[in-house]
Structures are given as structure tokens and as C-alpha cells.
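Quantities reported herein were computed from a predicted structural model and do not represent experimental measurements. These values consider heavy atoms only, across backbone and side chains, with no hydrogens, waters or symmetry-generated copies.
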Amino acid sequence: MQHAIRLGVDIGGTFTDVVLELAGASHSIKVLTTYAAPEDAIIDGMHQVCAKAGISPAQIDQIIHGTTLATNALIERRGARTALITTQGFRDVIEMRTESRFEQYDLNLQLPDPLLPRQHRFTLLERVDAQGAVLIPLDREEVVALAEDMASYNFESIAVGLLHSYLNPAHERMIRDVLAERLPGVMVSLSSEVSPQMREYERFNTTVANAYIKPLMKSYLGRLKSRLADEGADCPVFLMHSGGGIISLESAAEFPVRLVESGPAGGAVFAAHIAARYGLDKILSFDMGGTTAKICLIKNQTPKTARVFEVARSYRFKKGSGMPISIPVIDMVEIGAGGGSLAHVDSLRQIRVGPESAGSEPGPACYGRGGSRPAVTDADLVLGRLDPENFAGGSIRLHAGASEAALTELGASLQMDALTAAYGLAEVVDENMANAARVHAVENGEDLAGYTMIAFGGAAPLHAGRLCEKLGVTRLLVPTGAGVGSAIGFLRAPFSFEATRSVYMKLSAFDAATVRDLLVALAEEATGFVRNCDASASIAAQSKVYMRYTGQGWEIPVSLSADQAANPDAATFQALFEADYTALFGRTVTGMDIEITVWAVNATTASATATPLPATPTGRMVTGHATRALFDPALAQIVQAQIVPRAGLAPGDTVTGPALITEDETTTVIPASRRAIARPDGSIDITEISA
């Protein structure tokens, strides 16, 4: 259902972005995130954009919200007092992990601590086998005794994760019933509902994470809904989930772990929408905000998705060093490289940036809010990329002297002045992002040379030109509203929900009737969630199975057409798997059986239609009326960059670097190696100047 007036809200680690769309026009604002009460920033931003549009909050028809609050609660370990109830003998699964080493040659390797200490993990005598049959029945009286014992711990939330409960959830449901009777004020999360998939470590950890943040998120969402109503915006509120779709506020409160990557997912949807408008099939999405940078590969105008991702990687962002969350998610790499990321000199006398961030409280040194350590924004200011008088549309005045003092202190031990330290800091953070993009591309078998970068987020346009130089990417698009791209992405996303289930089946024992019934049940479950959001919309269901050769440790996703899902056939499944396997690995494995481990159905409404881009007229060569000293890292020298207001560019106008294209939410840096042309949709199309 399309609404005339819609509000998109993205709470980031530093800024809260608010976008209002009505009658084909949009208005946006960035306000500092208020950590103690995040809803305060939303209310402030809502009133500001409503004033810009000349409407009252009561006229808003729909609000779409995404947030990093769930992610931050997990990273900062500030969730609820939580317990885990599991099968006897499996108490330490979340601490033993998979026993793999994410840094093979580090003799002092330390694994991250689990979310819950051992004394908060409890067991019950019960057992379900790998086919879902009950081997040891669960004694209700034993559950009652455990609940009475747990009462003295004052837990706010309890996660229940039993072995093979994804096949038979009866024991988990009995535990929930007893807890509801004996501990009525305690929230309960069942693994058979949160993540009904095989692999107990990932499943238990996901359920614990859901329970850990559930009281926090449920309280926040309730307060937000109430505050919005008090301010006149008594309209439906929906949440962006990690898989790139929208779910109801009630579903989000019950399964808050699905919100962990909601903000970045909105950015990927935004980039995919731009890709569709331009007819581009290979996109590198680059989202850099105040706390993190996110990089995502988008092929055929669809972001790549995954079943498992990691939160809070603790060891140089290495895969395996984080907290695995097993939910449908847009696959991206995320590193601690944002405008607020703090720099320091390590024991090897090298400048390091992140993952620690100054956030909005106190913020970088230049904010003048008490921060004294140098952040990426301080380096951008000293390098000439930012105007201290017009940052965030002039709502925040930057203090260049504070940045210079912080950077002078950073560079003191390295005999660097403030400018050189800023140069070093910026190059380190840009190289970190470039390396992350290279690794992500290699892991997906892609060559970035043929890709176009789409940059958004408040800090991305400042760094994207240099990132393209490092990666050899020759084309960069900075769309309209780039500074608030994720919030715009929320307004482009469909209502969707993906239902998953683990049912092990070999192709040699393929049961077409079982497969058909399973996919129908999953489609009904997923469609039911979407109906709660929009009862009148047309809903499409896309089926997917995760397959592997017998004995392999991981699966690959294989998509099914509607006909293939309705009429499942072992030979068809094998042909689809072998085609996808060959595309990834260059060969198939002969003589081995193939097995299916996970089944998934994603129900979704239609995505917002991207209007094709009209032809770009011939414009003028634009020269700025003023210049500013800008340090060009590729030339390692200061150049005079022309300053061009973005609002003054007409379609077809060309700006040759070095230049700074300015707007309220961000500034786009055009290096000396590039030129920019304004497209009819307002995007800035930046390409390499031929030698």
C-alpha cells in the first residue's frame, strides 16, 4: 500500500537521519543521536522536516524506522540480565564455539567471551534426535523446579535452546508455558521460533542475542510509538529488518535480533534502487556514516543475501572472531571506519583508526562537546574537505583549532604536524575500507574493475573518490539525498519476511510430497507476517534451498522458480545446484550425493518501481565562485579546489576536479583525477579523466 506522506528514520551511532516524502518531494534533516532516549532525536527531526514541508505530524501516514540500537547493545554488552536453558550436556556450546581459530598462527589468541556467563546457563534432562523423535521425554516437574530456582536470579529475559528443537519444538514450548506460569514478568525467546535451523552454536547464540536485547528493544519501541502518538503522529510504525524488508512493530519487538543490521540493509536497498534506475548490474555499495563503513555487492540490482553474519568482530575484523547471528541478512562487510572513528598510534608506531568511535557524545574534537581525541572528521576538516561554518547545513559549527590540537598530539610521537597526521589518518582509514572491499569481492569471486560505486551516508562522498582511486573503480555515483541514504532506502523497501527451517534430505532419498508440503507451510508462515503489515497488498513468495555435497561443511543457496517449488523434482534440484556450484568453484564433484539442509521462503510485496533515467542534456562547464585549500592524497599536496553548490547544478553540468560539491547533509570531494556530471535525477556521476 502506497501512502501519500511517509517518514523514514535511521538512528546511527552519531546522527539520526529523518526523511519526509510527500507528493513527489522530499525533505531531510540530520540531528545528533540522543543515546539516553533515542526517540528524542526522532521527535526533534520529525518536527524539523514537517516544518520544512509545511505540514503537521498528524498528517504523516506511515513511519519506517531502522536503527543500530540492537547492534550497539550487543557490541557494548549492555543488554538485559539473561539466562539460557538448554539440553543437558550442551551448557557450554556458546562458549566452545566451533573450535576453529580465526587467526591460525596467533599463539596468544583469545576467543571472545560469550554473552552469558556459565552460571547463567541452565540444563534440563531431555533429548530429541536428528529426525525430531523424542528419545528422552521432558519432565514438566523438572521444568517447574528449575523455574522456581531461577526466580532468585531476577532474570529479565530467558533464552530456550534445545538440541534439534527446530524439528520438534514441543519441549521448548512446554518450557515457555511453565515459565509464563512461574515467572510471568520474564520475557522468553525460543530457538525454534527465533532461528529454526541446524547448527546448535549459531542457533543458541542467535536466541541468546534475541533474549539479551529483547527487553531493551521492546521498551524502546513501546516508548517510541507512545511518544509519536503524543506528538500527533499516531500512524502505523514499521521496522526495517536485516534482510532488506519491512516488518511490523509487533514482530520487531518479538524478534529484535532481526533488526541488528536494519540500518545498513536500508542503505543496500537504496543503492539497488539507484542501480535499477541506471540499468547497472554490477554495483559496489559504499555506506559510510559516523561510526562504521558498510560495503555490499549488488548484482543484477539485487543485494547479495546470507543466512549467517557476525556482530562485533573482535580481532582486526577477521571472519570468525565475532558473534554469529543466524537470520536472513543482506551480505555486507562492516568495519569501524566512520566519521567519528578515533585514531591512535600503536606500539609499532603506526596510526590506527577504529573500531572505537566518539559517536555523538562527545563526538570528534571539532564538535566542541568535550571530545579531545582525533577522529576521521577532524582529519577531513584539517584536509579542507569540510567547511566548519556549514557542517550539517550549518546546524553544527566545527572548531578547526580543536581538530588541529588533537591531530598535533596524535602526530607528536611520529614527528608529524597536524596536516601530515591528518593525511596519515585519512589514508589509513581509506586503505582499511579498500582492503575490506577487496576481500569481500574475492570471497564472492568478483573483480571490482567492472563495478560502479554508489556512495551514500554522511561521510561516504568525502572519501569515495579516493576509494575509487585505490580500487581501480572508474565510475562513482553520489545520488540525491546521499547523506541520508539509508533512511531513503527504508521508504523504497518492500514489506517482507523470510521463513526458514532445517529439514535434512539427500537427493538420493528425495521425497517430493514432503518437499511440497514444507515449502507450502513456509510460504504460509512468511506470508502471514507480511499480511500483518499490509493486508491488501499483492504478495509474492520466492523459495530457496541450501545445498551441498555430502560431507561438506557449508551450503550454497539455490533459488527455485514458482513452478519448481510447486512441482519439486530431484533431477531439477541437482541441475540447479550443479550450475550454481560451477559458477562459484569452476567445477562439480562427480560421484557424490547432494543434500539439502535448510529450506527458506521469502514473502514480499512489490518493491518501489525505479523510474528509468532520461537522457542527460548537454550542459555547461561549471566553475565555482570560490575556492578552498584541499589536500589531495593522490598528489600528496594541497590544491585549490573550486566550491560548487549542488543545488545550483542543472542536468548535464560538468565539474572538473579538484572540486567540492556542497550540500546540507554532506560534501562530495572530486579528486583531480576525476570529473563530475549532474544527471537528470540529481545524481552526481563521477568518472575518471582519461590520460
Side-chain angles (χ1 to χ4, degrees), residues 71 102-103 242-244 260-261 263-272 274-275 280-289 291-325 327-338 341 353-355 428-457 459-460 463-477 485-486 489 554-557 580 583-586:
T71 311
F102 47 80
E103 184 56 71
S242 305
V260 168
E261 288 290 281
V269 171
F270 175 62
I274 299 298
L280 298 171
D281 292 330
K282 291 186 175 183
I283 291 295
L284 180 67
S285 163
F286 172 45
D287 176 4
M288 184 177 179
T291 306
T292 57
K294 285 77 66 175
I295 292 166
C296 177
L297 296 178
I298 299 173
K299 292 195 70 176
N300 301 318
Q301 298 151 26
T302 304
K304 187 177 182 296
T305 58
R307 277 192 308 118
V308 180
F309 70 105
E310 289 181 351
V311 175
R313 289 184 179 177
S314 61
Y315 194 96
R316 300 176 188 173
F317 304 103
K318 280 195 174 259
K319 187 175 182 178
S321 68
M323 186 188 309
I325 303 294
I327 58 171
V329 64
I330 290 179
D331 188 21
M332 62 184 74
V333 60
E334 184 171 351
I335 65 172
S341 296
V353 183
V428 166
V429 76
D430 289 345
E431 190 59 37
N432 286 346
M433 292 185 291
N435 277 332
R438 293 183 191 108
V439 170
H440 191 53
V442 168
E443 288 176 345
N444 287 278
E446 295 293 328
D447 179 3
L448 292 178
Y451 274 70
T452 296
M453 180 183 290
I454 295 179
F456 53 94
H463 293 260
R466 179 59 175 153
L467 200 56
C468 286
E469 290 179 332
K470 288 178 174 289
L471 293 172
V473 172
T474 58
R475 188 181 186 189
L476 163 66
L477 286 172
S486 289
W554 211 252
E555 306 85 18
I556 64 170
D580 288 352
L584 281 172
F585 304 109

**Study point:** Gap between atom CZ of Phe270 and atom CG of Asp287 - 0.5 Å precision
**Key:** 9.5 Å

Review point. In Å and rounded to the nearest 0.5 Å, what is the CG to CZ distance from Leu476 to Phe286?
Key: 9.5 Å

Check your understanding: Do Leu448 and Leu284 have side-chain heavy atoms sitting under 4.5 Å apart?
Key -> yes

Practice item. Can you measure from CZ (Arg438) to CG (Asp447) and round to the nearest 0.5 angstrom? Key: 12.0 Å

Exercise for review: Compare every heavy atom of Leu477 with every heavy atom of Ile274, then report the nearest pair and how far apart it is.
Suggested key: CG2-CD1, 4.4 Å

Throw together a table of side-chain donor-acceptor distances under 3.5 angstrom for residues 293-303, partners on residues two or more places apart or in other chains.
{"from": "Lys294", "atom 1": "NZ", "to": "Thr292", "atom 2": "OG1", "distance (Å)": "2.9"}
{"from": "Lys299", "atom 1": "NZ", "to": "Glu446", "atom 2": "OE2", "distance (Å)": "3.0"}
{"from": "Gln301", "atom 1": "NE2", "to": "Asp281", "atom 2": "OD1", "distance (Å)": "3.4"}
{"from": "Thr302", "atom 1": "OG1", "to": "Asn300", "atom 2": "O", "distance (Å)": "3.4"}

Review point. Rounded to the nearest 0.5 Å, what separation is found between the NE2 atom of His463 and the CE atom of Met433?
Key: 5.5 Å

Check your understanding: Is the backbone N or O of Glu261 less than 3.5 Å from a side-chain atom of Ser242, with the two atoms forming a donor-acceptor pair by type?
Key -> yes

Study note, to complete from the structure: CG (Asp580) and CD1 (Ile556) are apart, to the nearest 0.5 Å, by 5.0 Å

Review point. Rounded to the nearest 0.5 Å, what separation is found between the CD1 atom of Ile454 and the CG atom of Leu280?
Key: 6.5 Å

Review point. If you look at every heavy atom in Pro324 and Val308, which pair is closest and at what distance?
Key: CB-CG1, 4.2 Å

Review point. Is there a side-chain contact between Met453 and Leu471 (heavy atoms, below 4.5 Å)?
Key: yes

Review point. Can you tell me if Ser486 uses its side chain to pair, donor with acceptor, with the backbone of Gly263 under 3.5 Å?
Key: yes

Practice item. Check Phe309 against Ile327 and note the closest heavy-atom contact, atom names and distance. Key: CE2-CG1, 3.7 Å

Revision key, fill the gap. Smallest heavy-atom separation, Ala271 atom then Phe456 atom, equals CB-CE2, 3.9 Å

Exercise for review: Identify the two heavy atoms, one from Val353 and one from Ser341, that lie closest to each other, and give their separation to 0.1 Å.
Suggested key: CG1-CB, 3.9 Å

Study note, to complete from the structure: Shortest non-hydrogen pair, Pro264 vs Met332, comes out as CB-SD, 3.4 Å

